Novice: 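The structure under discussion is supplied below as structure tokens; questions concerning it will follow.
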2 protein chains.
Amino acid sequence: MSAVRLLDELSHAPQQSEWLDTILKGDCVAALDRLPEKSIDVIFADPPYNLQLDGDLHRPDQSKVDAVDDDWDQFASFEVYDAFTRAWLLAARRVLKPNGTIWVIGSYHNIFRVGAKMQDLGYWILNDVVWRKTNPMPNFRGRRFQNAHETMIWASRDQKGKGYTFNYEALKASNDDIQMRSDWLFPICTGAERLKNENGDKLHPTQKPEALLARIMMASTKPGDIVLDPFFGSGTTGAVAKRLGRHFVGIEREQAYIDAANERIDAVRPLDGAALTVLTGKRAEPRVAFVSLIDTGLMLPGATLYDARKRWAARVRADGTVAVGDSAGSIHKIGAQVQGLDACNGWTFWHYERSGGLTPIDELRRIARLGMERAGA
Amino acid sequence: MSAVRLLDELSHAPQQSEWLDTILKGDCVAALDRLPEKSIDVIFADPPYNLQLDGDLHRPDQSKVDAVDDDWDQFASFEVYDAFTRAWLLAARRVLKPNGTIWVIGSYHNIFRVGAKMQDLGYWILNDVVWRKTNPMPNFRGRRFQNAHETMIWASRDQKGKGYTFNYEALKASNDDIQMRSDWLFPICTGAERLKNENGDKLHPTQKPEALLARIMMASTKPGDIVLDPFFGSGTTGAVAKRLGRHFVGIEREQAYIDAANERIDAVRPLDGAALTVLTGKRAEPRVAFVSLIDTGLMLPGATLYDARKRWAARVRADGTVAVGDSAGSIHKIGAQVQGLDACNGWTFWHYERSGGLTPIDELRRIARLGMERAGA
DNA sequence: ACGCGCAGTGAATCATCCC
DNA sequence: CGGGATGATTCACTGCGCG
């Protein structure tokens, strides 16, 4: 199966069924250009780290670069890498949805050039995330620090791309209720997870651990999202996407990697839906207007609200506003005003008296939501 | 004392005695241009990060974050910032000895541009080193990962600059006889170490911890070496250099910072040689998050957890939360909820089935911790 | 002396919906 | 599209006052 040939042969724009959950064979820019624009939720890219670009971009191999002592020649090599980087980042940006995000992983050899180019092209960096390796290769010559991490850049398509997916609450809950940091600790890919060729040697030189991709997808995608990997290699992105109930699109040039990745992905069993449910917070809850508490009888006009320490009292009015002295307005506005603040969450600030104690009106909102669910609202 | 005026007035090349262990006042490029070429062993540079902040940021308690909005961090565009970066990196390279090295610290806002420019100018990157903060500022809005690290680039002047100083053995000896890694753990600069102005507020918005500079100098300088800092600020580089028996050269524009730094450095007493080896970074106790059990395959999504008496059962989800009925959350939150308590240690409350019996998941944490300790989690 | 509670703070690119 | 309304959100540590 060589899906990219299929795409090339088509005169019409390819249908999603022709590229979804598929490895496209060929150059990543050419393949990206055949995909519809704004069709991808998240991109994970593990681009070549050095100037040794196989195929179209023939350059001196590493030993030759080492021998070069002319600054201009070195600069020329960087220029080629920069042009390559610009081309695929541009093509990737076209297929990304407006609220999509991209992850790029690299080392100090290339990540600075990649990051600068991403900024130049309009990507908006959200975080750089460090993958700390529990078992990095030692520095054998003792001339540098042990290179014990790699760097990932997480960016949205646009500066205004505010609607990107970030499963903050789930990450926090999975991390002892402390928000997830920008430094992650994972072992490198070894053992049974590492794909081997017929000689028993590693199939791919830079196979990434599935746990790393799982963290990325659990953080920045929803079930059913489409994750594209333009440097698919041994197919870690596809294997993890399938397991986690996400769709994938892979782009890869070498048939040997494509074959191994297809076999690997075929063997993956997806998790069932219940195990894939992502914890969401208040943000995802349906909005409840304060006035609807009055509409449903949970709150009566004329009732009195207090802050937690009973320093202020507000009177509930039939129109869903509250009044303190001469001022009236929303629970938020008045809450902010009495405290002399710019903003206030009235739902948690104001309380009502119940059996002698004070209860936040947020409790009434919770009850109202239950009623809405039962009504199928 | 204003040494830069002295240098400007001289027709002859300034003598070392006229700039060594001195703060030069003025623009960093102009000051660097007045120094003799190939005279500096190591440069530490903490340039403006070019933060592009949009509006105020408030903590959840509505207090306002004191942002870095100083004039010196304002640049009209990436082009302007790149030109600034190129200019000072070029001037810095001229004064660096052929076997000298340079450290530059930054965040994702600027470090990629700086790193790419360093490569363009012929610097040869030896490592990128991550400063992991033990106590970073949280992400208050829950829209990104907590920005918990900064990045340093360590580079030699030239690709062939093989004779640079790297105290491999000393670092290894100070690190429990394990090679020093590229990720370092230090607290941010607070408390008594943080310089205050007459109002009791922080004098400088970005004062770096002395421990960080000490690690840098212990790694890449010898006693008696000359360390130059073109963005001297509150003078951390000078204070640490003097304490460790190195010479410093500072360049700074603002007189208030120069005065404070001079006073600070005057108060420093140099250590004798024997005391110089004890400066190791603080190690955090290895924290194991529940999600890392899933990451390492010790726990599978979809698995069932029980309390010790099997009164409750919880389902493990791929996002690292657990679910009982309609409720989901962290192992601690859900453990507390089923018992009707305010708090619960999920590690000891929840168990998994193994060979017929129930074992606390804390046992899995113990196993996971073994794999993480080597990396100084 | 010691513990506890409360306030303060650190290089921050920190919203989304509805009309 | 802009503007107004809604209302979601914090970790580690220091220092001070009080009991």
Side-chain angles (χ1 to χ4, degrees), chain A residues 99 119 123-128 155-156 159-164 166 168-169 172 175-182 280-290 320-321 329-333 335-336 341-350 361-362 365, chain B residues 46-70 72-73 75 78 105-111 131 133-151 187-194 196 200-202 204-209 231 233 282 284 287:
Chain A
N99 61 352
Q119 291 180 309
Y123 288 106
W124 192 246
I125 298 179
L126 299 168
N127 281 110
D128 60 334
S156 57
Q159 180 174 354
K160 298 295 177 195
K162 303 289 191 187
Y164 60 87
F166 180 55
Y168 173 81
E169 291 84 5
K172 182 174 172 178
N175 191 45
D176 276 14
D177 291 319
I178 292 166
Q179 63 180 207
M180 189 67 78
R181 295 168 48 112
S182 57
T280 56
K282 284 185 177 178
R283 258 184 207 97
E285 295 285 310
R287 291 203 172 191
V288 174
F290 180 67
T321 60
S330 72
I331 51 173
H332 314 296
K333 279 270 169 62
L341 297 174
D342 289 335
C344 165
N345 183 343
W347 289 108
T348 52
F349 178 73
W350 293 110
I361 58 173
D362 207 25
R365 179 168 66 162
Chain B
D46 183 9
Y49 285 9
N50 190 24
L51 300 184
Q52 294 165 54
L53 306 176
D54 184 32
D56 291 338
L57 178 65
H58 293 89
R59 298 184 179 83
D61 65 4
Q62 302 295 334
S63 63
K64 189 177 160 214
V65 174
D66 184 16
V68 178
D69 51 5
D70 305 66
W72 47 256
D73 200 40
F75 296 86
F78 282 138
I105 186 168
S107 66
Y108 66 84
H109 311 84
N110 71 322
I111 198 65
W131 168 28
K133 304 180 183 183
T134 59
N135 50 348
M137 194 187 300
N139 183 293
F140 294 116
R141 306 300 294 267
R143 297 300 298 147
R144 305 181 177 192
F145 299 99
Q146 181 183 33
N147 197 359
H149 74 276
E150 295 188 27
T151 300
I188 61 175
C189 183
T190 59
E193 187 185 322
R194 188 91 195 214
K196 306 292 196 304
D201 300 322
K202 59 187 175 191
H204 193 282
T206 71
Q207 185 178 340
K208 295 294 177 287
F231 307 97
K282 175 178 165 184
R287 183 203 295 275

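Chain A is the first sequence line, chain B the second, and so forth, proteins listed ahead of strands; every chain is numbered from 1. No experiment lies behind these values; they were computed from the predicted model shown. All heavy atoms count here, side chains included; hydrogens, waters and symmetry mates do not.
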Novice: Counting only N and O atoms by type, is there a donor-acceptor contact under 3.5 Å from the side chain of A/Gln179 to the main-chain atoms of B/Asn139?
Specialist: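 Between the backbone of B/Asn139 and the side chain of A/Gln179 there is a qualifying donor-acceptor contact (under 3.5 Å).
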
Novice: Does the distance from a Lys or Arg side-chain N to an Asp or Glu carboxylate O, for A/Lys282 and A/Glu169, drop under 4.0 Å?
Specialist: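 Salt bridge absent between A/Lys282 and A/Glu169.
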
Novice: Please work out which residues in residues 62-69 of chain B have a non-hydrogen atom less than 4.0 Å from an atom of DNA chain C and list them by number.
Specialist: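 DNA chain C contact set from residues 62-69 of chain B: B/Val65, B/Asp66, B/Ala67, B/Val68.
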
Novice: Under a 3.5 Å distance rule, please check whether B/Lys196 uses its side chain to pair with a backbone N or O of B/Arg194 as donor and acceptor.
Specialist: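 Such a contact is found between B/Lys196 side chain and B/Arg194 backbone.
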
Novice: Taking the inter-plane angle between the rings of B/Trp72 and B/His204 on a 0 to 90° scale, is it parallel (under 30°), tilted (30 to 60°) or perpendicular (over 60°)?
Specialist: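 It falls in the parallel class, under 30°.
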
Novice: Return the polar atom pairs (N/O with N/O) between nucleotides 1-3 of chain D and the protein under 3.5 Å, or none.
Specialist:
none

Novice: Expressed in whole Å, how much space separates the P atoms belonging to D/dT9 and C/dT9?
Specialist: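 Their P atoms lie roughly 24 Å apart.
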
Novice: In whole Å, what separates the C1' atom of C/dA7 from that of D/dT10?
Specialist: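 Roughly 15 Å separates the two C1' atoms.
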
Novice: Just the rounded figure in Å: distance from P of D/dT10 to CE of A/Met180.
Specialist: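 Between P of D/dT10 and CE of A/Met180: 14 Å.
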
Novice: With a 4.0 Å cut-off on heavy atoms, is B/Trp131 in touch with a base, just the backbone sugar-phosphate, or nothing at all?
Specialist: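 Since no nucleic acid heavy atom lies under 4.0 Å of B/Trp131, the category is nothing.
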
Novice: For B/Leu51, answer base if it contacts any base atom (sugar-phosphate contacts may also be present), sugar-phosphate if it contacts only those atoms, and nothing otherwise; contact means non-hydrogen atoms under 4.0 Å.
Specialist: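 Touches a base.
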
Novice: So what does A/Ile125 hit on the nucleic acid, given a heavy-atom distance under 4.0 Å: a base, only sugar-phosphate, or nothing?
Specialist: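 The answer is base, as A/Ile125 lies within the cut-off (heavy atoms under 4.0 Å) of a base atom.
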
Novice: Give the minimum heavy-atom separation between A/Ala336 and A/Cys344, together with the two atoms involved.
Specialist: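 Closest pair (atom of A/Ala336, atom of A/Cys344, distance): N-CB, 3.4 Å.
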
Novice: Find the distance between CD (B/Gln207) and CG (B/Asp46) and round it off to the nearest 0.5 Å.
Specialist: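 Rounded to the nearest 0.5 Å, the CD-CG separation comes to 11.0 Å.
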
Novice: Could you tell me the separation between the CG atom of B/Asp46 and the P atom of C/dA11, rounded to a whole number of Å?
Specialist: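 Distance, rounded to whole Å: 10 Å.
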
Novice: Using the ring-ring contact (aromatic ring centres under 6.0 Å, His included) criterion, which residues pair with A/Tyr164? Sequence neighbours excluded.
Specialist: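 Counting only residues at least two positions away or on another chain, A/Tyr164 forms a ring-ring contact (aromatic ring centres under 6.0 Å, His included) with A/Trp154.
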
Novice: Output the rounded distance in Å from CD1 (A/Ile361) to P (D/dA8).
Specialist: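 Rounded to whole Å, this separation is 11 Å.
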
Novice: Any salt bridge (Lys or Arg N to Asp or Glu O under 4.0 Å) involving residues 137-146 of chain B? Give me the pairs, sequence neighbours left out, ordered by first then second residue.
Specialist: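 Qualifying pairs: none.
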
Novice: CG of A/Asp342: more than 12 outside heavy atoms within 6.0 angstrom?
Specialist: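 Atom CG in A/Asp342 is not crowded, with 12 or fewer foreign heavy atoms closer than 6.0 Å.
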
Novice: Using a 4.0 Å heavy-atom cut-off across all strands, classify B/Cys189 as base, sugar-phosphate, or nothing.
Specialist: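 Result for B/Cys189 = nothing.
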
Novice: Counting only side-chain N and O atoms of B/Lys202, is one of them less than 4.0 Å from OP1 or OP2 of C/dT9?
Specialist: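 Looking at the OP1 and OP2 atoms of C/dT9, neither is under 4.0 Å from any side-chain N or O of B/Lys202.
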
Novice: Distance check needed: D/dA8 C1' versus A/Ile331 CD1, whole Å only.
Specialist: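 Spelled out: CD1 on A/Ile331 to C1' on D/dA8 is 13 Å.
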
Novice: May I ask you to verify whether the side chain of A/Arg365 and the base of D/dG7 hold a donor-acceptor pair under 3.5 Å?
Specialist: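 Looking at the base of D/dG7, it does not pair with any donor or acceptor on the side chain of A/Arg365 (distance under 3.5 Å).
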
Novice: Phosphate oxygens OP1/OP2 of D/dT10: is one of them under 4.0 Å from a side-chain N or O of A/Arg181?
Specialist: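 It does not, given that no N or O in the side chain of A/Arg181 lies less than 4.0 Å from OP1 or OP2 of D/dT10.
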
Novice: When you compare the protein's N or O atoms with those of nucleotides 14-18 of chain C, which come within less than 3.5 Å of each other, and at what distance?
Specialist:
residue: C/dC14; atom: O2; partner: B/Asn139; partner atom: OD1; Å: 3.0
residue: C/dC14; atom: O2; partner: B/Phe140; partner atom: N; Å: 3.1
residue: C/dC14; atom: O2; partner: B/Arg141; partner atom: N; Å: 2.3
residue: C/dC14; atom: N3; partner: B/Phe140; partner atom: N; Å: 3.0
residue: C/dC14; atom: N4; partner: B/Pro138; partner atom: O; Å: 3.4
residue: C/dA15; atom: OP2; partner: B/Arg141; partner atom: NH1; Å: 2.8
residue: C/dT16; atom: OP1; partner: A/Lys162; partner atom: O; Å: 2.9
residue: C/dT16; atom: OP1; partner: B/Arg143; partner atom: NH2; Å: 2.7
residue: C/dT16; atom: OP2; partner: A/Lys162; partner atom: O; Å: 2.6

Novice: Tell me which of A/Lys172 and A/Ala289 sits closer to the 5' end of DNA chain D, going by the nucleotide each one is nearest to.
Specialist: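 Closest to the 5' end, via its nearest nucleotide, is A/Ala289.
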
Novice: Starting at the 5' end of DNA chain C, write a dot or bracket for each base, bracketing those in Watson-Crick or G-U wobble pairs whose two distances are under 3.5 Å and using | for partners on another strand.
Specialist: .|||||||||....|||||

Novice: B/Gln207 has an atom CD; how far is it from atom P of C/dT9, in whole Å?
Specialist: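 Nearest whole value for this atom pair: 16 Å.
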
Novice: Would you say B/Ser107 places a side-chain N or O within less than 4.0 Å of OP1 or OP2 belonging to C/dA12?
Specialist: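 No, outside the criterion.
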
Novice: Under 4.0 Å: is that the gap between some side-chain N or O of A/Asn345 and OP1 or OP2 of D/dA8?
Specialist: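 It does, given that an N or O in the side chain of A/Asn345 lies less than 4.0 Å from OP1 or OP2 of D/dA8.
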
Novice: What distance, rounded to whole Å, do you find between the two P atoms, one in C/dC18 and one in D/dA8?
Specialist: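 Here C/dC18 and D/dA8 have their P atoms 14 Å from each other.
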
Novice: I need the CG-P distance between A/Asp177 and D/dC11, as an integer number of Å.
Specialist: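 My rounded result for the distance is 9 Å.
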
Novice: Using a 4.0 Å heavy-atom cut-off, does A/Gln159 contact any base of the nucleic acid, only the sugar-phosphate backbone, or nothing at all?
Specialist: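 No contact at all - A/Gln159 keeps every heavy atom at 4.0 Å or more from the nucleic acid.
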
Novice: Please write out each protein N/O paired with an N/O of nucleotides 3-5 of chain C under 3.5 Å, distance rounded to 0.1 Å.
Specialist:
none

Novice: Under 3.5 Å, which N/O atoms of the protein pair with N/O atoms of nucleotides 14-16 of chain D?
Specialist:
none

Novice: Any idea which heavy atoms bring A/Ala155 and A/Tyr123 closest together, and the distance?
Specialist: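 Distance-wise, the nearest heavy atoms are CB-CB, 4.1 Å.
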
Novice: With A/Asp176, which residues qualify under side chain to side chain contact (heavy atoms under 4.5 Å, CB included), at least two apart?
Specialist: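 So A/Asp176 forms a side chain to side chain contact (heavy atoms under 4.5 Å, CB included) with B/His332, B/Trp347.
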
Novice: What residues form a side chain to side chain contact (heavy atoms under 4.5 Å, CB included) with B/Asp201, not counting sequence neighbours?
Specialist: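 Listed in chain order: B/Asn197, B/Asn199.
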
Novice: For a quick test of reading the model, state the closest non-hydrogen atom pair linking B/Asn147 to B/Pro136 and the distance between them.
Specialist: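 Answer, listing the atom of B/Asn147 first, then B/Pro136: O-CB, 3.8 Å.
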
Novice: Using distance only, find each side-chain donor-acceptor pair of residues 53-61 of chain B under 3.5 Å and give its atom names and separation, not counting sequence neighbours.
Specialist:
residue: B/Arg59; atom: NH1; partner: B/Ser63; partner atom: OG; Å: 3.2
residue: B/Arg59; atom: NH1; partner: B/Lys64; partner atom: O; Å: 3.4
residue: B/Asp61; atom: OD1; partner: B/Ser63; partner atom: N; Å: 3.0
residue: B/Asp61; atom: OD1; partner: B/Ser63; partner atom: OG; Å: 2.7

Novice: Counting only side-chain nitrogens and oxygens, does A/His332 get under 4.0 Å of the OP1 or OP2 atom of D/dT6?
Specialist: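 Answer no for this pair, as no side-chain N or O of A/His332 is under 4.0 Å from OP1 or OP2.
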
Novice: Could one point to a donor on the side chain of B/Lys208 or the base of C/dA11 with an acceptor on the other under 3.5 Å away?
Specialist: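 A donor-acceptor contact between them is present.
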
Novice: Base, sugar-phosphate, or nothing for A/Pro286, non-hydrogen atoms under 4.0 angstrom?
Specialist: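 No contact.
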
Novice: Produce the list of close N/O pairs, under 3.5 Å, pairing protein atoms with atoms of nucleotides 6-8 of chain C; give distances to one decimal.
Specialist:
none

Novice: By the 4.0 Å heavy-atom rule, please label A/Thr348 as base, sugar-phosphate, or nothing.
Specialist: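 Since no nucleic acid heavy atom lies under 4.0 Å of A/Thr348, the category is nothing.
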
Novice: Just verifying a value: how many Å separate A/Trp350 CH2 and A/Asn345 CG, rounded to the nearest 0.5 Å?
Specialist: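 Between atom CH2 of A/Trp350 and atom CG of A/Asn345 there are 12.5 Å.
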
Novice: Can you tell me if B/Ser107 uses its side chain to pair, donor with acceptor, with the backbone of B/Glu150 under 3.5 Å?
Specialist: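 Flag not set: sc B/Ser107 to bb B/Glu150 has no pair under 3.5 Å.
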
